Amino acid sequence: MSEDPTTGRWAPSPTGDLHLGNLRTALLAWLFARSDGGRLLWRFEDLDGAVRPQFYDSQLRDVAALGLDWDGEPVRQSDRLELYRDAISDLIRRGLTYECFCTRREITEAVAAPHGPSPEGAYPGTCRTLTREKRERRRGEGRPPALRLRAESGASGNTHAELTVTDQQLGTYTGIVDDFVLQRGDSTPAYNLAVVVDDAAQGINQVVRGDDLLPSTPRQVFLAGLLGVAPPSYAHVPLVLGPQDRRLAKRDGAVTLIHRLALGEMPLDVVNLLLGSLGLEPVGSAADLPAVAKRFDPAALPTEPWIYEPPAVQTSGGTTD
Ligand code: GLU
């Protein structure tokens with residue numbers, strides 16, 4: 001039986017300039033896909049309210065400036081709402097959803113309640129068994145409900161179940177599948193739903209992304225099963241951390257491409273910084289990247305985060321800040 005050719009994707013949210021951590025993940029998604037001659041698709045995950053339109057183009061420009069390419073036209077989740085609605089309708093029809101009126105605060109309080117452990121982040125199932133009367137009352141309060149998946153776990157009376165997934169870089173990972181949100185109260189499809197629908201619709205069979213998303217993976221694999229689609233393979237890659245071991249952020253200095261260029265670096269310097277952080281040899285020009293992809297061995301990648309040290313700042317005077 002012949003294997004389908006690799007189709008990977010890179011799925012940034014256009015909410016800001018990409019920083020070195022994002023660019024490093026983009027480079028990795030590119031290397032994984034191109035290492036076996038696969039395709040790489042670009043998908044903007046723009047269902048989030050924090051989207052700012054200027055970042056669609058600037059993100060494309062920055063990744064292209066590094067010498068990375070992708071196949072076809074980038075797609076935007078905001079243009080694909082119909083697809084998510086269809087999947088949600090299907091789940092509703094099959095009785096696999098329920099409305100949830102909980103506020104974030106109510107969930108936090110319920111998770112902390114003494115009656116039975118609810119593992120970190122797992123929805124405790126509060127609205128799963130609301131009577132029709134209670135549901136009507138909460139609807140009358142005016143806050144539109146979110147829609148949650150009635151995950152199979154409820155059948156045994158538990159509020160959550162666990163699922164083990166296999167990750168190409170990290171091995172097996174067992175994580176929670178709770179009654180997670182499919183559609184937010186403002187009717188926006190939730191990330192976990194959209195990502196599964198999109199990966200299936202775009203024929204994605206390889207997901208390379210930051211390992212902060214590993215805990216979402218069991219939920220996504222579970223949902224793929226319910227929707228009757230094969231989950232992709234997963235390679236979760238370590239994040240880049242700033243000086244205090246926090247996720248890299250703007251406060252960490254010149255961490256975006258535009259800032260690096262303002263320091264006098266060339267895009268190639270940034271590519272080589274990223275390659276070096278992955279234990280890969282520097283290149284003389286972006287045209288050498290396909291050769292790097294050919295030699296690319298995921299098993300040799302670091303599994304620990306890259307701790308980014310900002311370049312030393314030259315000061316001319318005696319002031320510090
Ligand atoms: N949009 C997510 C991000 O920017 C990536 C989601 C994914 O790769 O599944 O971190």
Side-chain angles (χ1 to χ4, degrees), residues 6-33 38-60 62-63 68 70 74-81 83-84 87 165-170 173 175 177 180-182 184 188-224 227 229-241 246-250 255-257 305-306:
T6 296
T7 305
R9 48 59 161 198
W10 155 242
S13 300
T15 54
D17 277 320
L18 299 170
H19 59 53
L20 291 171
N22 309 129
L23 294 169
R24 186 175 185 252
T25 306
L27 171 62
L28 281 166
W30 186 90
L31 286 169
F32 270 85
R39 286 155 39 85
L40 183 70
L41 308 186
W42 186 305
R43 178 171 80 231
F44 281 115
E45 300 208 326
D46 61 349
L47 298 180
D48 187 311
V51 165
R52 283 185 288 157
Q54 68 268 34
F55 294 117
Y56 291 104
D57 280 348
S58 70
Q59 293 189 349
L60 291 164
D62 285 358
V63 171
L68 306 178
W70 53 90
V75 301
R76 298 181 180 193
Q77 287 187 325
S78 56
D79 290 333
R80 301 160 67 81
L81 294 175
L83 275 178
Y84 317 129
V165 296
T166 304
D167 183 90
Q168 193 182 334
Q169 297 305 104
L170 303 173
Y173 170 80
V177 180
F180 59 88
V181 172
L182 300 169
R184 303 201 302 241
T188 310
Y191 159 69
N192 280 317
L193 181 279
V195 88
V196 171
V197 169
D198 275 331
D199 285 342
Q202 295 186 283
I204 303 298
N205 56 15
Q206 180 187 67
V207 167
V208 177
R209 61 185 180 188
D211 62 11
D212 54 327
L213 290 167
L214 184 62
S216 308
T217 309
R219 294 180 174 98
Q220 294 172 13
V221 170
F222 182 76
L223 183 58
L227 295 175
V229 298
S233 71
Y234 292 96
H236 286 90
V237 295
L239 295 180
V240 180
L241 301 182
R246 292 175 313 213
R247 292 176 66 148
L248 193 66
K250 284 218 183 85
V255 293
T256 62
L257 185 61
W306 175 41

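Ligands are counted one by one from 1 in listed order, and the atoms in each one are counted from 1 as well. Computed from a predicted structure; not experimentally measured.
With hydrogens and angles left out, the side-chain atoms of Q202 and R43 include a donor and acceptor closer than 3.5 Å.
Closest heavy-atom contact between D212 and L239: OD1-CD2, 3.6 Å.
At least one heavy atom of R9 sits closer than 4.0 Å to an atom of ligand 1. Note on ligand 1: Y191 sits in its first shell, one or more heavy atoms being nearer than 4.0 Å.
Nearest protein neighbour of atom 10 (O) of ligand 1, counting heavy atoms only, is L213 CD1, 4.2 Å. Looking at atom 6 (C) of ligand 1, its nearest protein heavy atom turns out to be E45 OE1, 3.2 Å.
Counted within 6.0 Å of CZ on R247, heavy atoms from surrounding residues, nucleotides or ligands total 12 or fewer; the atom is thus considered open.
Listed by atom number, the atoms of ligand 1 under 4.0 Å from V195 heavy atoms are 9 (O). Per-residue contacts place R209 under 4.0 angstrom from the following atoms of ligand 1 (heavy atoms of the residue considered): 7 (C), 8 (O), 9 (O). Residue contact check: S13 has heavy atoms under 4.0 Å from atoms 1 (N), 4 (O) of ligand 1.
When Q169, R209, Q168 are each tested for a side-chain hydrogen bond (donor to acceptor under 3.5 Å, both in side chains) with H236, only one passes: R209.
Annotation: A11 places an N or O atom under 3.5 Å from an N or O atom of ligand 1; distance criterion only.
In this structure, CD on Q220 lies 4.5 Å from CG on N192, to the nearest 0.5 angstrom. The CZ atom of R9 sits 8.5 Å away from atom CG of D198, with the distance rounded to the nearest 0.5 Å.
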